[in-house]
Amino acid sequence: MYVNRSKMALLQKAQKPMLSAFFEGELSNKLAKKLGFALPPKTLLIFGVSFLLIWGNPSRAYAMHIMEGFLPLGWSVFWAIVTLPFIIMGLLSIGKTLKSHPETKMLLGLAGAFSFVLSALKIPSVTGSSSHPTGVGLGAVLFGPTAMSVLGCIVLIFQAILLAHGGLSTLGANTFSMAVVGPFVAYGVYKICQKPGAPFGLGVFLAAALGNLLTYVTTSLQLALAFPAEVGGFMASFVKFMGVFAVTQIPLAISEGLLTVVIFNLLVAYSKPELQALSLISSQNISSKGVKI
Amino acid sequence: MLRIDQYAYSNRLRFTHPVEKFAFAVITLIIGLAASSLITSLVITLLMAGVVILRAGIPMRFYLKLMSIPMSFLILGVLTIAVSFSGEPFSFLWGVKIWGFTLGVTAGGLQTAVNLFWKSLGAISCLYFLSLTTPMVQIISVLKRLKVPSLFIELMNLIYRYIFVLIETADKVYISQSSRCGYASIKTSYYSMAQLASNLFTKSYHNSQMLYTTLMARCYRGELNVLELPYAFSKKNVALVAFIDLGLVILALWTGGVLSAGGHS
């Protein structure tokens, strides 16, 4: 009964997961002092890691964008320069499509708004918490990775300004991980799964899950490059950030993969004409695929 | 719906020239990022809070709530930097030994973490100043002046407009789903969420078609041209911005030097 209640209390704290985790750690320290003996470090570590996995999951609050000001100026500029060619490429390819199909502009506008709203929805995760989907896999398969890099960049600007997630100085880094690496990986995985005739559902699942996961691996990489550990340098730092930002993401990546499969099944079942129209921008036809549900 | 957006349209600095606000936020942000002194970051945080609360008239409670949004990332990120692990006990200030590894805090890591914490707070304050005082329409008009490609600008306008339409649609769908126990268990919530998303997608598609039809009926030739409100530059504001940012630069140089120049840290 008591355990249940404390669990409930923790669930209610879900809004500020890290704060509660922080105080929880503080509390256990105080407890150890009062008891007169400290908990063995191994137990503490296991407790901490499981705590981080279950309660301290950062993605419950929002998808993890690198916040404003977190990257040093040099790295912010570096990632912006790295991302720029992808945006220009995307704009050029959209411009080409627009010449023959002017209505695509409205479609892309709505697609961008759709991505923004999708990332604000909460999906239930397998660990019992809920998280926000990145929408990377869905967007990449529906709209194609080149269009997605432009849309993703705009969505990230809006998320920074309207929702305070991400930032202006870290826009380049975030665009690179969420609108370049994520969509390209998702699209690549999806295409590879198509070749040997793997079931459509599997391809979509892997695309969405890996797109999500690789996004956070990239984020960890960016953070580790900017902040190499004093002991062990870049690799040690990469391992640390991977542990915090990518490993905790695995259950969420799986949830997003599952959700994306269900979404695609519904789309194929009920929205064939719309999917056909989309083949204009993603240059592929997915309307004939899908599994009966 | 989006509280930040509401305040952007109703704050007291709403009709100030957008370029002044944009320049103030971005220049201060860059100074904060380039400076390596803790005091500069603190001054920027307080300055921006003061301007937003006193000058723009944003309720303090709301501002503090906003400040707590990035906290989960900030604390997690800063802790990850502060805590290091190593095979051999290095110069750890404090540490525990687990499976032959030492997990602990080094002086350098701790210093980076503390500096980063305040620097990020300063930077996020600059972002909040921009987003709380400048409506998106004004920000887009500034980007236009900065010669961002017109396709990008038009997409931004379209996306901004339709975010609200789609949020409303999604909200309504969500309410009707949950009032029919659509989110009662994990399994049903997956299905409901997928239904919501696919429905939203179909609706977005039809919205885009309708938009195109309406535009065609109004002689759409491939470009969306909108008139902008005329704003007057205020000499007082420009001087104030220049004075404050110059002061910040001097403070930053005086207290810590420039980090990105790679000189001293």
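Chain letters run A, B, ... following the sequence lines, proteins first, then strands; residues in each count from 1. Quick caveat, the model's predicted, so the values are computed rather than measured.
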Hey, which of [options] has the most heavy atom pairs under 4.5 Å with chain B?
options: A:G135, A:S115, A:A164; answer: A:A164
options: A:L71, A:I161, A:L151; answer: A:I161
options: A:G69, A:A224, A:S169; answer: A:G69

Among [options], which has the most heavy-atom pairs under 4.5 Å with chain A?
options: B:L74, B:T134, B:L66, B:T112; value: B:L74
options: B:N207, B:T80, B:I4, B:L151; value: B:T80
options: B:V26, B:L130, B:V83, B:I30; value: B:V83
options: B:A123, B:S131, B:S120; value: B:S120
options: B:H206, B:Q195, B:M136; value: B:M136

In terms of heavy-atom proximity below 4.5 Å to chain B, should [X] be classed as side chain, backbone, both, or neither?
X: A:F70; result: both
X: A:L138; result: neither
X: A:I66; result: both
X: A:L162; result: both

Interface moiety of [X] toward chain A, non-hydrogen atoms closer than 4.5 Å:
X: B:P149; result: side chain
X: B:A170; result: side chain
X: B:L166; result: both
X: B:Y220; result: side chain
X: B:V78; result: both
X: B:L200; result: both
X: B:I124; result: both

**OP:** Hey, could you give me the CG/CD1 distance between B:L29 and B:I44, rounded to the nearest 0.5 Å?
**Re:** 8.5 Å
Original post:
Could you state the interatomic distance from CZ (B:F152) to CD1 (A:I94), rounded to the nearest 0.5 Å?
Top reply: 9.5 Å
Taking C-beta and beyond as the side chain, do [X] and [Y] meet within less than 4.5 Å on heavy atoms?
X: B:S41; Y: B:F117; answer: no
X: A:F116; Y: A:L163; answer: yes
X: B:L146; Y: B:F22; answer: yes
X: A:L118; Y: A:L121; answer: yes

Enumerate donor-acceptor pairs with a distance under 3.5 Å from any side-chain N or O in residues 153-162 of chain B to protein atoms, sequence neighbours excluded.
| from | atom 1 | to | atom 2 | distance (Å) |
| --- | --- | --- | --- | --- |
| B:E154 | OE1 | A:K105 | NZ | 2.4 |
| B:E154 | OE2 | B:L224 | N | 3.2 |
| B:Y160 | OH | B:D5 | OD1 | 2.8 |
| B:Y160 | OH | B:D5 | OD2 | 3.0 |
| B:Y160 | OH | B:Y9 | OH | 3.2 |

Original post:
Under 6.0 Å between ring centres, would you say that holds for B:Y205 and A:F114?
Top reply: no
**OP:** Return the orientation label for the B:Y128 and B:Y63 ring planes: parallel under 30°, perpendicular over 60°, tilted otherwise.
**Re:** perpendicular
Closest heavy-atom pair and its distance - [X], [Y]:
X: B:L132; Y: B:I58; value: O-CD1, 4.1 Å
X: A:V262; Y: B:Y191; value: CG1-CD1, 4.0 Å
X: B:T45; Y: B:L121; value: OG1-C, 3.8 Å
X: A:S119; Y: A:Q159; value: OG-NE2, 2.8 Å

Original post:
Quick one: which residues of residues 211-218 of chain B reach chain A at under 4.5 angstrom, heavy atoms only?
Top reply: B:L211, B:Y212, B:L215
Subject >> Other residues, nucleotides, ligands: >12 heavy atoms within 6.0 Å of A:W75 CH2 >> reply: yes
Original post:
Between B:T202 and A:S271, is any side-chain donor less than 3.5 angstrom from a side-chain acceptor?
Top reply: yes
